[in-house]
Amino acid sequence: MISIQKLDYYYAVKKQPARCALSDISLQIDPGTLFTLTGPNGGGKSTLFRLLCGLSLPAQGEIRLNGLDLQHHAAEARRLTGVVFQSPALDKHLTLLENFTIHRDLHQLPQALFSSRLEEDMAWTGLAGRLHERVGTLSGGMARRVELVKALLHRPKIVLMDEPTNGLDPGGRRDFLQVIDRLRQERQMTVLMTSHLFDEAERADQVGILHQGTLLAVGSPSQLRDRLGQEMVVIQGKDRQQALFLSQLLEKKPGLSIHHRESELRVEGIDSATLNNLLTDHREQFQTLSVKKPTLEDLFIHLTEQQRGHSS
């Protein structure tokens with residue numbers, strides 16, 4: 001449903017060489033998939049989002065939405081797409097209904113069809129009785145739901161969302177993501193969302209980890225986590241110096257992968273003998289030691305440290 005092939009994008013910087021924002025990005029996203037593009041802010045997620053929306057053009061490469069080349073068939077591709085931007089795209093001085101009516105006119109929806117769809121979609125928002133209130137009176141979570149209703153009124157096959165839970169509290173984030181997932185399954189939509197929160201990416205069918213304009217990994221959350229094995233050890237040193245001592249000690253052991261951040265160590269591949277040695281002979285060097293299953297954030301740390309190692 002979404003095909004990206006060898007995509008490059010550069011930012012023009014005044015009196016300086018152009019900066020590469022995306023390099024050789026290729027992705028295939030199947031119909032009905034919830035795909036989350038994750039990674040830290042500044043990694044290129046919003047740039048790729050703008051390209052998918054047709055707001056920017058790539059330096060090279062191709063984007064196809066349901067088989068349509070976005071560069072040569074932009075109008076047709078956009079009719080298939082609903083968009084939720086990171087920054088609010090509702091006019092807070094207008095009522096909910098007035099905002100929806102503008103969207104109706106843009107997509108040339110017949111009034112009867114618009115009314116029936118709006119009634120159907122407003123039923124799950126909890127805001128059905130507030131159509132004549134101004135958007136500015138809504139909470140952040142409610143306004144996000146209204147944005148989603150607007151994006152879905154023309155019944156798109158593809159929904160693109162850039163950091164859609166930005167500014168929501170944990171409960172609001174959970175509720176919003178549950179609504180998206182339910183609607184995706186009911187309407188068989190393909191959803192691509194960006195998020196800098198790795199725990200949000202854990203909910204997706206497929207995940208892409210983007211960092212410094214490079215796609216580091218793509219796969220299901222379980223496939224990506226399994227790249228680090230089933231378990232890892234996290235050691236919290238009493239201070240940076242003690243953590244450094246433990247890191248240097250463990251580096252003498254073959255087969256270990258050690259990631260050192262401030263006073264924390266994350267150790268992959270540790271055996272029971274080494275673990276017992278830490279607990280009996282070096283207990284005074286650390287505050288806590290825990291065994292945990294890897295997360296997508298752990299994989300991101302692992303991949304970026306590998307990337308730095310290759311570039312140095």
Side-chain angles (χ1 to χ4, degrees), residues 1-29 35-65 67-78 81 83-89 158-167 191-198 200-201 204 206-219 224 227 257 259-262 266 296-312:
M1 184 60 74
I2 301 175
S3 174
I4 303 170
Q5 295 291 336
K6 297 186 177 302
L7 202 69
D8 290 346
Y9 184 79
Y10 296 88
Y11 279 120
V13 182
K14 189 176 182 180
K15 297 183 179 180
Q16 295 181 26
R19 181 175 68 83
C20 181
L22 294 170
S23 175
D24 196 26
I25 303 295
S26 293
L27 270 177
Q28 298 292 324
I29 301 175
F35 188 97
T36 299
L37 194 66
T38 191
N41 292 329
K45 299 187 303 298
S46 291
T47 300
L48 181 54
F49 184 86
R50 288 180 59 83
L51 292 169
L52 287 166
C53 293
L55 298 175
S56 300
L57 297 176
Q60 66 178 29
E62 178 186 80
I63 298 174
R64 288 184 176 271
L65 303 180
L68 295 169
D69 186 316
L70 186 56
Q71 192 163 346
H72 298 102
H73 302 280
E76 296 96 320
R78 285 185 182 129
T81 307
V83 181
V84 176
F85 293 99
Q86 182 173 352
S87 298
I158 298 170
V159 179
L160 306 173
M161 300 186 294
D162 190 17
E163 300 279 357
T165 64
N166 192 34
V191 177
L192 182 147
M193 62 176 279
T194 71
S195 176
H196 66 281
L197 301 172
F198 289 99
E200 286 190 357
Q206 294 282 305
V207 176
I209 299 178
L210 190 66
H211 179 57
Q212 295 180 351
T214 300
L215 199 58
L216 299 181
V218 178
L224 296 179
R227 291 173 61 169
S257 179
H259 310 284
H260 185 190
R261 298 176 65 196
E262 299 295 330
R266 300 186 181 202
L296 291 177
E297 184 175 5
D298 293 325
L299 177 65
F300 171 75
I301 293 168
H302 176 87
L303 293 173
T304 51
E305 289 190 354
Q306 278 189 336
Q307 190 181 50
R308 282 197 294 268
H310 292 156
S311 62
S312 60

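Counting from 1, the numbers follow the sequence of the chain as shown.
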[X] to [Y] - nearest heavy-atom pair and separation:
{"X": "Leu68", "Y": "Ala77", "value": "CD1-N, 3.8 Å"}
{"X": "Ala217", "Y": "Arg227", "value": "CB-NH1, 3.4 Å"}
{"X": "Leu70", "Y": "Leu65", "value": "CD1-CD1, 4.2 Å"}

To the nearest 0.5 angstrom, please state how far the OG atom of Ser46 sits from the CG atom of Asn41.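 Going from OG on Ser46 over to CG on Asn41, the span is 7.5 Å.
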About how many Å separate CG of Leu210 and NZ of Lys45, when rounded to the nearest 0.5 Å?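 Between Lys45 NZ and Leu210 CG, I get 7.0 Å after rounding to 0.5 Å.
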Hey, is the main chain of His196 close enough, under 3.5 Å, to the side chain of Glu163 for a donor-acceptor pair?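 Checked: pair present.
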Donor + acceptor pair across side chains of Glu200, Thr36 (<3.5 Å):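 Absent: no donor and acceptor within the cut-off.
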Do the side-chain N and O atoms of Thr47 and Tyr11 include a donor-acceptor pair separated by under 3.5 angstrom?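 Yes, because at least one side-chain N or O of Thr47 sits under 3.5 Å from a partner of the opposite role on Tyr11.
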Within a strict 4.5 Å, meaning less than it, do heavy atoms of the [X] and [Y] side chains meet?
{"X": "Leu160", "Y": "Val84", "answer": "no"}
{"X": "Val191", "Y": "Phe35", "answer": "no"}
{"X": "Gln60", "Y": "Pro58", "answer": "no"}
{"X": "Tyr10", "Y": "Arg19", "answer": "no"}
{"X": "Thr38", "Y": "Leu197", "answer": "no"}

Checking Glu76 now: which residues fulfil salt bridge (charged side-chain N to carboxylate O under 4.0 Å, His left out) with it, not counting sequence neighbours?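 Residues passing salt bridge (charged side-chain N to carboxylate O under 4.0 Å, His left out) with Glu76: none at all.
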Can you tell me how the ring of Phe198 sits relative to the ring of Phe300, calling it parallel under 30°, perpendicular over 60° and tilted otherwise?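 Ring orientation, 0 to 90° scale: tilted.
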Let me see the working for Ile4 and Ile29 under side-chain contact (heavy atoms from CB on, under 4.5 Å), right down to the final yes or no. CA-CA 9 Å; Ile4 303 170; Ile29 301 175; 5.8 Å; no
